Amino acid sequence: MKHLCFPLLITFLLVSSNLCHAYEFVYGDDSRTGTLFAKDPIIVFHGGRYLMYYSIPPHNTRAWEGWNIGIAESQDLKSWQRIGEITPQAEYEAKGLCAPGAIVRNDTIHLFYQTYGGGRTDAVCHAWSTDGLTFVRDLTNPIFRPTGEWNCGRAIDAEVVAFKGKYFLYFATRDPQFERQLLGVATAPIGTDFRRSDWTLAKDAPILQPELIWEGKCCEGATVIEYKKKLYMFYAADYNNCPQQIGLAVSKDGINWERCSDQPFLRNGLPGDWNESESGHPCVYRDKQGQTHLFYQGNNTHGRHWLLTSVPLKWTKKGPQVVYPKMPDKILNPVIDADAPDPSVIRVGDTYYAAATSGNKPQAYQRYRSKDLQTWEPMGFIFDEWPEWTNGSFWAPELFDLCGRTLCYYTARQKSDGTSCIGVAMAKGPEGKFVDYGPLVRTTNEAIDAFVFRDKEQLYITWKAYGLDPSKRPIELLCQKLSADGLHLEGEPFMLLRDDERQGMEGQCVFRQGDWWYILYSIRDCCSPKSDYAVSVARSHNIEGPWEKYEGNPILEGEPLSDSASSNKEHSPKGGAGRGLQSCGHGTMVRTPKGEMYYLCHAYYWNRYKEGRKAVLFRLEIGDDGWVHKRIKN
C-alpha cells in the first residue's frame, strides 16, 4: 500500500453504486465509504470472465478491518460489476490486506497480496482460489520479506510473472531509514507452489530506485509483461498525489533494468482532469484477443476518492505506446446540425458528453455523446419532467464530472416569483438519470450561466449577475466556493470580471493552462436576427484576480455577410456551400486525452436565423504571447 502525501478525507455524500463507462472504462467502489474508492488493480481471466482485484479502504462502521481487497467481474474489460471482497482471516493480516497481484495457473487463481498496517513488518502473502471469490491461505504465510542492508525488511506491491523457466516476484520496499521506496525482485522455480522456502532474493540491491526528479522518493507498484523475449516494467513513481506518474523500464533477464526514457510514460492529468492528482499503480494486461491494456488508478482530490481506468497500448519498435482516440483531420461545422444553444461539454475517459439549452420545451436539456467531438448522438434529456420548483426558461446547462458522478448546473425560472436562478442535479455518471437538488444560486434579479471548475481540492461556481438589475449596474461574473459534494455554496461571492465596456458579458468558462487562469466569455447580442455574438478572453495568475482582458478581443466571432459567401468550408453548413457564420459564442473548452484544446459553442448562420443556434467546434491553442487563440490548422 502507499504513503499518502495528504490525509484521507471521506466527505462526499454519495449513494451506493458502481460506476462503469468509457476510457476504456472508469470504475469506483463506494460499498465501504459512500465515496467511489478503488486502488491498485490487477486483472486475470478465469471461469469465462475477467476478474479485477483491487484495494478498498476501511469500512465506515468497521474501521478495525483496515484495508481489504474488492472483486469485480467483466465480460469485455469495460463494464465492471462488483461481486465480492476479501477480508482478513489470519492473525498476520488482522490489520488489513491490500495491493493484490494475481496469476492463473492450471485453472487456479494465485493471489499475492500484502499485509497492511505493520510498517516495516508488512510482507507479501499468498492465497489461492478455484472460483475467484473464496481463497485458501498459504500455510507458510507470509511468503516473502527481503533481507540485506539496502532495505528495511518490508515487502509490498507484489507482482508475479513467469519468465525463462522461473517465477519472478517483484516487490516494493523502503530503505533502512524508511524514507525512499525501492523496487526489488525474488525468484522461485517454475514448479513452485509459492511457499516461503521457494523464494530467493535474486539481487541483493534495488533493481530500480528513484533517481529522476519526477520520481521523487518512490518507485513502487511494478507490473511486468513480456514482449519479444524482453520484459517491460510499468512502475509508479513518487508517492501518491505528489503527483504519482507511471514510468517504463525494460530488461532482458528480469533482474537488470534500464529506463526507456527520462520522462514519464503516462503523466498525471492536466488541471481539472479526473486524474490531476495522479496516474498511479499500474497493471499491464494482455486480453484474450491479444490487445494490451494499461490499467491504473487516479484522482483529482488528493486522495479523497480514487478511480480505476485503462488505456489501450500498441507495440512499436520502440516499445509500447498509448493509443489515443483519433480526432477529425478537419472540423466540419456545425457538429450538431440542430438548435443546440449554450452547449456544455465534458470528457469522461475518451467519450464526450454535451447538453444544450431547451427553453420551455416539455423535456429539459437535450443530451448528446461523441467519441471525436465531430459526430454527436442524441441520448435523452437531463429532465424528462421539469423540477417542481421551476417554471420554464431552461437555459445554459453546465455539466461537471465530480469524482465519478456527473453534476448539471442549470438556469431556470423559479416558480414562486419568476426569477432566473441556478439549480443543480446529479447523476451516477454521464449516462445516468439525474436527480434534482433544487436551487443553488440566486443573485438579486438574475443569476444565470453557471460554470464550475476546480482549483486543486477546491470547487468553484461562477455565474452572470446583475444583467436585469434595476440600477443598471454593469454585468458582473461572480464566483463562489462550493462544498466538496458540489451541492452547497460556501463563503461569500467575489467578482471575476465586470462589463465596464457595456457590451454584454456571459457564457463564461474558466480553465488553467500553465501559470495562467483563463476566462472565455461571450459579448454583444446573443440571440436576435442581428446577432453579433463573439468570444473574448481574460487571464490572471490568481482566481481572485486581477484579471487582464486581451487587447485583441474578440478571439472568435462571425464574419461580415459580404465575406461569408467565400468563407472557409470549416464554417459552412453540412450538405452545401451555404453561408458562413453570422455570430458565435457561449461554449465550453474541453481537452482531449492528449491535451488538445477544443471549444464547443453555438452559432447563427447568415440567412438561417429560423434554424436556431447550431453547435460548432473550434480548435484552440495558447499562442506565443500567452493568450488563447483559434488554431488555424487542426
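When a residue number appears, it is its place in the shown sequence, counting from 1. Every value quoted in this text rests on a predicted model; they were computed, and no experiment measured them.
Using a 4.0 Å cut-off between a side-chain N of Lys or Arg and a carboxylate O of Asp or Glu, R473 and E476 qualify as a salt bridge. Between D500 and R498, at least one side-chain N (NZ, or NE/NH1/NH2) sits under 4.0 Å from a carboxylate O, which counts as a salt bridge. A salt bridge links K415 to E388: one of the charged nitrogens lies within less than 4.0 Å of a carboxylate oxygen. Look at R524 and E506 and you find no salt bridge, because none of the NZ, NE, NH1 or NH2 atoms lies under 4.0 Å from a carboxylate O. At a threshold of 4.0 Å, the pair D455-R512 counts as salt-bridged, since one of the basic side-chain nitrogens sits closer than that to a carboxylate oxygen. E596 and R631 are not joined by a salt bridge, as no carboxylate oxygen comes within less than 4.0 angstrom of a charged side-chain nitrogen. Residues K326 and D329 are paired through a salt bridge, judged by an N-O separation under 4.0 Å between the basic side chain and the carboxylate. Salt bridge E501/K549: present, at least one basic N to carboxylate O contact under 4.0 Å. Ion pairing between R405 and D30 holds under the 4.0 Å rule for side-chain N and carboxylate O.
Relative orientation of the F453 and F451 rings is parallel, given thresholds of 30° and 60° on the angle between their planes.
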**Request:** Take H586 and Y521 through the test ring-ring contact (aromatic ring centres under 6.0 Å, His included) and record every step on the way to the result.
**Result:** CA-CA 7 Å; H586 197 135; Y521 61 96; over 10 Å; no
**Message:** Using side chain to side chain contact (heavy atoms under 4.5 Å, CB included), reason through Y605 and E611 one step at a time and then give a plain yes or no.
**Reply:** CA-CA 9 Å; Y605 282 85; E611 295 181 14; over 6 Å; no
**Message:** With ring-ring contact (aromatic ring centres under 6.0 Å, His included) as the criterion, how do H541 and W517 come out once you've worked through the C-alpha distance, each side chain's angles and the decisive distance to 0.1 Å?
**Reply:** CA-CA 6 Å; H541 285 299; W517 285 94; over 10 Å; no
**Message:** Set out, in order, the CA-CA distance, both residues' side-chain angles and the distance that settles side chain to side chain contact (heavy atoms under 4.5 Å, CB included) for V628 and I622, then state yes or no.
**Reply:** CA-CA 5 Å; V628 180; I622 306 297; 3.6 Å; yes
**Prompt:** S483 and D485: side chain to side chain donor-acceptor pair (under 3.5 Å), yes or no, with the steps?
**Reply:** CA-CA 5 Å; S483 58; D485 61 9; 2.5 Å; yes
**Prompt:** Would Y410 and F383 count as a ring-ring contact (aromatic ring centres under 6.0 Å, His included) if you check the C-alpha gap in whole Å, the side-chain angles of each, and the deciding distance to 0.1 Å?
**Reply:** CA-CA 11 Å; Y410 63 95; F383 299 123; 5.1 Å; yes
**Request:** Tell me, with the steps shown, if H293 and D287 meet side chain to side chain contact (heavy atoms under 4.5 Å, CB included).
**Result:** CA-CA 8 Å; H293 308 261; D287 67 23; 2.8 Å; yes
**Item:** Stepwise side chain to side chain donor-acceptor pair (under 3.5 Å) check, S277 with N275
**Value:** CA-CA 5 Å; S277 296; N275 58 337; over 6 Å; no
**Request:** Just do the ring-ring contact (aromatic ring centres under 6.0 Å, His included) check on F511 and Y518 with the steps written out, would you?
**Result:** CA-CA 5 Å; F511 63 94; Y518 295 93; 5.6 Å; yes
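Without hydrogens or angle criteria, N360 side chain to S393 main chain gives a donor-acceptor distance under 3.5 Å. With hydrogens and angles ignored, the 3.5 Å screen pairs no side-chain donor or acceptor of T357 with any backbone N or O of G359. Judged by distance alone, with hydrogens and angles left aside, the side-chain atoms of R591 form no donor-acceptor pair with the main-chain N or O of R347 at under 3.5 Å. Looking only at distances, no side-chain donor or acceptor of T411 sits under 3.5 Å from a matching main-chain atom of A396. Side chain of T443 to backbone of A465: no donor-acceptor contact under 3.5 angstrom is found. Panel note: side chain S522, backbone V535; no donor-acceptor pair is recorded below 3.5 Å. No donor-acceptor distance shorter than 3.5 angstrom exists from the side chain of H305 to the backbone of L36, with no hydrogens or angles considered. Checked by atom type and distance alone, the side chain of D436 never pairs as donor or acceptor with a backbone atom of P387 at under 3.5 Å. Remark: side-chain polar atoms of D499 are paired, donor with acceptor, to backbone N or O of Q503 under 3.5 angstrom. For D525 (side chain) and C527 (main-chain N/O), a donor-acceptor pair under 3.5 Å exists by modelled atom type.
Rounded to the nearest 0.5 angstrom, S531 OG and W606 CH2 are separated by 8.5 Å. Rounding to the nearest 0.5 Å places CZ of R304 at 5.5 Å from CD of E457. Remark: L440 CG to R442 CZ distance equals 13.5 Å, nearest 0.5 Å. Within the model, atoms CG of L399 and CD1 of I382 stand 5.5 Å from one another, a figure rounded to the nearest 0.5 Å. Distance check: D384 CG to F434 CZ gives 11.5 Å after rounding to the nearest 0.5 Å. Taken from CG in D29 to CE in M52, the straight-line distance is 9.0 Å, to the nearest 0.5 Å.
Checked options L478, V452, L496, L477; the residue passing with T462 is L496 (criterion: side chain to side chain contact (heavy atoms under 4.5 Å, CB included)).
A 4.5 Å side-chain heavy-atom check between V345 and L600 finds at least one atom pair inside the cut-off. Looking at R454 and N300, their side chains come closer than 4.5 Å, going by heavy atoms from C-beta outward. Looking at P439 and Q414, their side chains come closer than 4.5 Å, going by heavy atoms from C-beta outward. Taking 4.5 Å as the limit, some side-chain heavy atom of H602 sits within range of a side-chain heavy atom of Y533. Looking at heavy atoms from C-beta onward, F618 lies in side-chain contact with L556 at the 4.5 angstrom threshold. For the pair I555/K630, no side-chain contact is recorded, criterion being any heavy-atom separation below 4.5 Å from C-beta on. L520 is listed as a side-chain neighbour of Y599, based on a closest heavy-atom distance under 4.5 Å.
The heavy-atom pair separating Y409 from V424 by the smallest distance is CE2-CG2, 3.5 Å. Considering every non-hydrogen atom in both T406 and I346, the closest pair reads CG2-CD1, 4.2 Å. Taking every heavy atom of both residues into account, Y27 and A72 meet most closely at OH-CB, 3.7 Å. Pairing each heavy atom of Y460 with each of I543, the nearest pair is CE1-CD1, 3.8 Å. What you find for N299 and W306 is that their closest heavy atoms are ND2-CZ3, 3.1 Å. Contact detail for Q480 and E490: the closest heavy-atom pair is CG-O, 3.3 Å.
Neither side chain, D342 nor S344, offers a donor N or O lying under 3.5 Å from an acceptor on the other.
Ring centroid separation for the pair Y550 and H629 comes in under the 6.0 Å cut-off. The aromatic ring centres of Y368 and Y353 sit 6.0 Å or more apart.
Taking the centre and axis of the six-membered ring of W627, the NZ or CZ atom of R539 falls inside the cone set by 45° and 6.0 Å.
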